[in-house]
Amino acid sequence: MAKRSGGSGQPGATWALIAAAGSGERLGIDRPKAFAPLGGRPLLAESLDRLERSALVDAIVVAAPPGWEEPSILLAEELAASKVVACVTGGATRAESVGAALAEVGEEALVVLVHDAARPLVDEALLERLLGPLAEGYEGVVPALPVADTLKRVRDGAVVETVSRDALVAAQTPQAFLAPAVRRAFSGDLSGVTDCASLVERAGGRVAVVDGDPRLLKITTSDDLALVESWL
Ligand code: C5P
């Protein structure tokens, strides 16, 4: 599929990677989470459609669940998602899936957005918030929400300590990176990594935080799916 120019005016400047290769066992369905039904279409369709229609995104790469590459390509075609330039087979971990998608990103890329298919309700206002700090010297930007609950460190079913939540936030996706920074970060060890920003941080990159969005809930259970469906 062809690449085309997006909101930056620079062809291929901003690439969005969609990590969609998780099994989603906790949903208890007969297919990977990205193909769970949401509003009458696969979960993956929601974020794919939204990123395709974004004026800020030039090109998209999907990391599909192993064996689901073809249905992912067909879905992109059904959605007329012509920004999708590749659909790769995901890896054993999220970081490996993102790494496989990153390998498809063109040399011309300036910014890479990494998003979870499991957070379908990505919107344009959030994408705009993410891109701001990249022009101000940051190498990465994460959306985050304040932590509402009291946090406790627990061992063997007993509280070890109560952790101050003052400086703590809960990170979401999409996360935005300068292309060289994320490429550098992914050239190292990917073990034990739960988000891309932590790799950039580990490599010494500065990562900014912007306001997240409560509607960017990550779907884990069927209750999450029903809740997000009610917001569509
Ligand atoms: O499992 P969890 O919901 O935390 O995964 C977050 C995102 O990472 C999901 O969108 C999932 O599809 C993706 N993922 C992936 N490859 C894996 C595991 C998870 O792309 N091996």
Side-chain angles (χ1 to χ4, degrees), residues 15-39 41-52 57 60-73 75-76 79 81 84-105 112-123 126-127 130 140 142-145 169-177 182 185-186 189-200 212-229:
W15 288 58
L17 313 184
I18 306 181
S23 64
E25 270 162 27
R26 281 165 292 184
L27 268 183
I29 56 170
D30 62 351
R31 61 195 66 191
K33 177 156 59 180
F35 286 86
L38 177 78
R41 56 186 192 169
L43 175 62
L44 171 61
E46 195 61 39
S47 46
L48 191 50
D49 210 4
R50 286 165 178 253
L51 292 169
E52 169 70 26
V57 172
I60 300 171
V61 181
V62 177
W68 289 76
E69 301 83 353
E70 200 58 39
S72 301
I73 291 167
L75 180 64
L79 295 170
V84 176
V85 295
C87 186
V88 300
T89 307
T93 63
R94 180 186 183 276
E96 285 175 21
S97 298
V98 173
L102 190 59
E104 298 295 323
V105 171
V112 176
L113 298 164
V114 184
H115 187 51
D116 290 336
R119 298 182 192 268
L121 301 188
V122 53
D123 76 354
L126 180 78
L127 293 176
L130 285 173
V142 300
L145 295 177
V169 293
Q172 302 180 308
T173 74
Q175 300 185 345
F177 304 97
V182 73
F186 271 81
D189 179 18
L190 302 183
S191 55
V193 166
T194 54
D195 79 342
C196 301
S198 60
L199 277 175
V200 173
D213 183 345
R215 292 190 172 225
L216 262 177
L217 180 76
K218 184 163 82 169
I219 290 174
T220 305
T221 65
S222 52
D223 285 349
D224 299 334
L225 204 53
L227 182 57
V228 170
E229 190 156 87

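Just follow the structure's listing: the first ligand is 1, and inside any ligand the first atom is 1. Predicted, not measured: the structure shown is a model, and the values here were computed from it.
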Residues lining ligand 1 [heavy-atom distance under 4.0 Å, listed by chain and residue number]:
Ala19, Ala20, Ala21, Gly22, Lys33, Gly91, Ala92, Thr93, Arg94, Ser97, Asp116, Ala117, Ala118, Lys218

Short question: side chain of Gln172, backbone of Leu145 - any donor-acceptor pair under 3.5 Å?
no

Would a distance-only check, ignoring hydrogens and angles, find a side-chain to backbone donor-acceptor pair under 3.5 Å from Arg50 to Val122?
yes

Sorted by chain and residue number, the salt bridge (charged side-chain N to carboxylate O under 4.0 Å, His left out) partners of Asp195 (sequence neighbours excluded) come out as none

Counterpart residues, side chain to side chain contact (heavy atoms under 4.5 Å, CB included), relative to Pro42 (two or more places apart):
Phe35, Ala45, Leu75

Throw together a table of side-chain donor-acceptor distances under 3.5 angstrom for residues 89-104, partners on residues two or more places apart or in other chains.
{"residue": "Thr89", "atom": "OG1", "partner": "Glu69", "partner atom": "OE2", "Å": "2.7"}
{"residue": "Thr93", "atom": "OG1", "partner": "Glu96", "partner atom": "N", "Å": "3.1"}
{"residue": "Arg94", "atom": "NE", "partner": "Asp116", "partner atom": "OD1", "Å": "2.7"}
{"residue": "Arg94", "atom": "NH2", "partner": "Asp116", "partner atom": "OD1", "Å": "2.9"}
{"residue": "Glu96", "atom": "OE1", "partner": "Ala92", "partner atom": "N", "Å": "3.2"}
{"residue": "Ser97", "atom": "OG", "partner": "Gly91", "partner atom": "N", "Å": "2.9"}
{"residue": "Ser97", "atom": "OG", "partner": "Thr93", "partner atom": "O", "Å": "3.2"}

Yes or no on salt bridge (charged side-chain N to carboxylate O under 4.0 Å, His left out) for Arg215 and Asp123, after CA distance, side-chain angles and deciding distance?
CA-CA 10 Å; Arg215 292 190 172 225; Asp123 76 354; over 6 Å; no

